[in-house]
Amino acid sequence: MITPIIQDYKENPARPGTFDLVRGTNTLNISYFKLSTPRNERFKAQGAVKMIETWTRDEKPLFSGLVPLKAFENVLFGNRLEPKGKNHYSV
């Protein structure tokens, strides 16, 4: 069984659409992320309703289209590209 990683984020009032880590161990190395509406037709065609991304000085560890998981309300899923390939996660 996979143990979920739980981190809490809160929207930054000074930067709407940007969410900062407020509780958690930052195991995912994501101290903040930005949500936006997909503009690229490829993501829209795949069913993405949101884009999620974050970046550091050296890399962009998170960039994915988020697709609703139909079996559960308010659950979206995407993938995160890592050196070993794509790992799926949900938010």
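Predicted, not measured: the structure shown is a model, and the values here were computed from it.
Residue I30 comes nearest to T54 through the heavy atom pair CG2-CG2, 4.0 Å, listed as atom of the first residue, atom of the second, then distance. Between S64 and G78, the shortest heavy-atom distance links the atoms OG-CA, 3.4 Å. The shortest non-hydrogen separation linking V22 to K10 is CG1-CB, 3.8 Å. Between A48 and G65, the shortest heavy-atom contact is CB-CA, 3.9 Å.
Proximity of P38 to V49: side-chain heavy atoms (C-beta onward) are nowhere separated by under 4.5 Å.
For the pair R15 and Y32, the cation-pi criterion (under 6.0 Å, within 45° of the ring axis) is fulfilled.
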Q. Could you walk me through whether F63 and F43 pass the ring-ring contact (aromatic ring centres under 6.0 Å, His included) check?
A. CA-CA 11 Å; F63 179 76; F43 289 109; 5.7 Å; yes

(Q) Quick one, I52 with L76, criterion side chain to side chain contact (heavy atoms under 4.5 Å, CB included). Give me CA distance, side-chain angles, the key distance, then yes/no. (A) CA-CA 11 Å; I52 186 169; L76 306 169; over 6 Å; no

**Q.** Worked verdict on F19 versus N12 for side chain to side chain contact (heavy atoms under 4.5 Å, CB included)
**A.** CA-CA 6 Å; F19 296 79; N12 185 325; over 6 Å; no

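Judged by distance alone, the side chain of E11 and the main-chain N or O of G17 form a donor-acceptor pair under 3.5 Å.
Of the inter-residue distances, the one linking K34 atom NZ with M51 atom CE reads 11.5 Å to the nearest 0.5 angstrom.
Put simply, F33 and W55 are part of two different groups of oily side chains (I, L, V, M, F, W, Y) that touch within less than 4.5 Å, one to the next.
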